[in-house]
Amino acid sequence: MKRVKAACILQTLVFQQKEDCGLSRDAILSQNREEVKRYKLSLDRTRTRYQIVSEEEQGDGSILVRVRKQYNDKADVSEYFC
C-alpha cells in the first residue's frame, strides 16, 4: 500500500492584461499588481499554506510569480516550507 507522505505544488503564474487593452505600461503594471494582491488574499482567505518563491515584474508590465503551495490539508508540507 502506498500513501502520500508529503506533497506540494510549485506553480509559475503570469499575471498579464490583454495585448490590445490600450493602456500604458504603468497602468497595466498597476492592474497586474492589484491582481497579484487579490490572488494572495484569496490564498489567505482559504487558509492555503503557501510561500512566494519569487515575484518579478517583466518589461511588458506582466508579473511572473512562482509560488509553492500546499496540495491538500492532509499531507504534511513541513519539509517544503522553512
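- Separating the CD atom in Q51 from the CG atom in L43 is a distance of 13.0 Å, to the nearest 0.5 Å.
- Using a 4.0 Å cut-off between charged nitrogen and carboxylate oxygen, K40 and E55 count as a salt-bridge pair.
- I9 and Y50 are members of different hydrophobic clusters when ILVMFWY side chains are connected at heavy-atom separations under 4.5 Å.
- Tracing side-chain contacts under 4.5 Å through hydrophobic residues (I, L, V, M, F, W, Y), one never reaches I52 starting from L64; they form parts of separate clusters.
- In this structure, the side chains of I63 and L29 come closer than 4.5 Å at one or more pairs of heavy atoms.
- The two residues C8 and R68 come nearest to each other via the heavy atoms SG-CG, 3.7 Å.
- When every heavy atom of T48 is checked against every heavy atom of K69, the shortest pair comes out as CG2-CB, 4.2 Å.
- How far CZ of R33 is from CD1 of I28: 12.5 Å, rounded to the nearest 0.5 Å.
- Salt bridge present: R66 and E56 bring a charged side-chain N and a carboxylate O closer than 4.0 Å.
- Taken together through direct or relayed side-chain contacts under 4.5 Å among Ile, Leu, Val, Met, Phe, Trp and Tyr, F15 and V67 form part of one hydrophobic cluster.
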(message) The test is side-chain contact (heavy atoms from CB on, under 4.5 Å); show your working for V53 and L10 and say whether it passes.
(response) CA-CA 9 Å; V53 176; L10 180 60; 4.1 Å; yes

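- Atom CZ of R47 has 12 or fewer heavy atoms from other residues, nucleotides or ligands within 6.0 Å.
- Annotation for V14 and S62: closest pair CG1-CB, 4.2 Å, computed over non-hydrogen atoms.
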(request) Apply side-chain contact (heavy atoms from CB on, under 4.5 Å) to V65 and T12, showing your working. (result) CA-CA 6 Å; V65 177; T12 302; over 6 Å; no

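- Screening E57, Q17, Q58, Q16 against N32 for a side chain to side chain donor-acceptor pair (under 3.5 Å) leaves a single residue, Q17.
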